[in-house]
Participant: 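Would you mind keeping the following structure in view while I ask a few things?
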Amino acid sequence: MDDPDFFNHIYEVTRQIPAGRVTSYGAIAKFLGSPNYSRMVGRAMGECGKAKPPVPYYRVVNSTGHLTGDPSGAHRRRELLEGEGVDVKDDKVQNFKKVFWDPSKEINYE
DNA sequence: ACGATGACTCTTC
DNA sequence: GGAAGAGCCATCG
């Protein structure tokens, strides 16, 4: 990949997601300046497993609030989100608007 | 180089 | 809110 910087940005933003909150691929991509890179964000999530420290990719869902990816993986993310206070039903985030975290509006650098 | 694919999003029905 | 079609860009055979 010739865009490690882009991947790094994705990981950074994803780590900024507070517990009990979720965000969408498009929101991250848009925050990075490329709204159409939503798919690349998703790809980055697949690669985040090798990232150190690992990123809370389970806090990232699609625009509908549905846990994307493999059903088995979604099942694990569902429990993690519920453990943080996020209401999840059938691999789908409830109260999506409430738990939605917008990086472009709520992110802050220490 | 080309066509197919995908952890996406948008518009329209 | 769910389904279908189109647009999007990088990766793969």
Side-chain angles (χ1 to χ4, degrees):
Chain A
M1 189 52 181
D2 297 273
D3 298 320
D5 195 51
F6 192 72
F7 270 53
N8 188 27
H9 278 301
I10 295 172
Y11 297 152
E12 266 185 72
V13 176
T14 306
R15 292 200 197 93
Q16 304 311 304
I17 305 176
R21 290 293 194 85
V22 296
T23 190
S24 64
Y25 299 90
I28 298 175
K30 186 177 176 122
F31 178 70
L32 297 179
S34 301
N36 298 337
Y37 272 51
S38 48
R39 306 186 86 116
M40 301 301 98
V41 176
R43 224 190 100 57
M45 295 298 101
E47 299 291 294
C48 74
K50 67 180 185 156
K52 297 178 178 56
V55 301
Y57 67 91
Y58 55 86
R59 291 183 186 148
V60 183
V61 297
N62 62 12
S63 59
T64 65
H66 188 247
L67 280 61
T68 42
D70 297 306
S72 52
H75 178 74
R76 188 175 70 257
R77 288 179 292 215
R78 180 178 67 81
E79 306 216 341
L80 287 166
L81 288 172
E82 287 186 315
E84 294 185 340
V86 179
D87 199 9
V88 182
K89 187 72 170 183
D90 191 34
D91 299 336
K92 186 169 173 297
V93 177
Q94 305 301 297
N95 306 320
F96 185 51
K97 298 176 109 176
K98 283 187 164 187
V99 299
F100 181 73
W101 180 80
D102 190 342
S104 64
K105 291 189 172 186
E106 304 194 41
I107 198 171
N108 70 51
Y109 301 96
E110 297 297 317

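All chains are named by letter (A, B, ...) in the order of the sequence lines, taking the proteins before the strands, and each is independently numbered beginning at 1.
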Participant: Tell me the closest heavy-atom pair linking A/R21 and A/F100, and the distance in Å.
Facilitator: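 It is NH1-O, 3.6 Å.
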
Participant: So, is A/Y37 near the phosphate of C/dA10, with a side-chain N or O under 4.0 Å from OP1 or OP2?
Facilitator: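 Yes, within the criterion.
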
Participant: Report the distance from atom CD1 of A/I17 to atom C1' of B/dA7, rounded to the nearest whole Å.
Facilitator: 14 Å

Participant: Does NZ in A/K30 sit with more than 12 non-hydrogen atoms of other residues, nucleotides or ligands closer than 6.0 Å?
Facilitator: no

Participant: Rounded to whole Å, how long is the line connecting atom CZ of A/F6 with atom P of C/dC8?
Facilitator: 16 Å

Participant: I need the NZ-P distance between A/K92 and B/dA7, as an integer number of Å.
Facilitator: 19 Å

Participant: Nearest-Å distance, CZ (A/R76) to P (B/dA7)?
Facilitator: 15 Å

Participant: Give the rounded distance in Å between these two atoms: CG of A/D70 and C1' of B/dG6.
Facilitator: 12 Å

Participant: Could you tell me how far apart A/Y25 (OH) and B/dC8 (P) are, to the nearest whole angstrom?
Facilitator: 6 Å

Participant: Taking any heavy-atom pair under 4.0 Å as a contact, classify A/G46: base, sugar-phosphate, or nothing.
Facilitator: base

Participant: Any side-chain N or O of A/S38 less than 4.0 Å from the OP1 or OP2 oxygen of B/dT9?
Facilitator: no

Participant: Checking all strands, does A/S24 fall into the base, sugar-phosphate, or nothing category for heavy-atom contacts under 4.0 angstrom?
Facilitator: sugar-phosphate

Participant: Between B/dT9 atom C1' and A/I28 atom CD1, what is the distance in whole Å?
Facilitator: 14 Å

Participant: Indicate whether the side chain of A/S72 and that of A/D70 have a donor and an acceptor atom separated by less than 3.5 Å.
Facilitator: no

Participant: Measure from the side chain of A/R43, starting at C-beta and using heavy atoms only, and say which of C/dA10, B/dC8, C/dT11 lies closest.
Facilitator: C/dT11

Participant: Can you tell me which nucleotide in B/dT9, C/dA10, B/dA7 comes closest to the side chain of A/M40?
Facilitator: C/dA10

Participant: Might you point out which heavy atoms bring A/P103 and A/A27 nearest each other, and give the distance in Å?
Facilitator: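 Here A/P103 and A/A27 meet closest at CG-O, 3.9 Å.
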
Participant: Quick one: does A/M40's side chain get under 4.5 Å of A/S34's, heavy atoms only?
Facilitator: no

Participant: Of the nucleotides B/dA7, B/dC8, C/dG2, which has the atom closest to the A/Y57 side chain?
Facilitator: B/dA7

Participant: Between C1' on B/dG6 and CZ on A/R39, what's the gap in Å once rounded to a whole number?
Facilitator: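 That distance rounds to 5 Å.
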
Participant: A/N62 has a side chain; which of C/dC8, B/dT9, B/dA7 sits nearest to it?
Facilitator: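 Among the listed nucleotides, the one closest to the side chain of A/N62 is B/dT9.
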
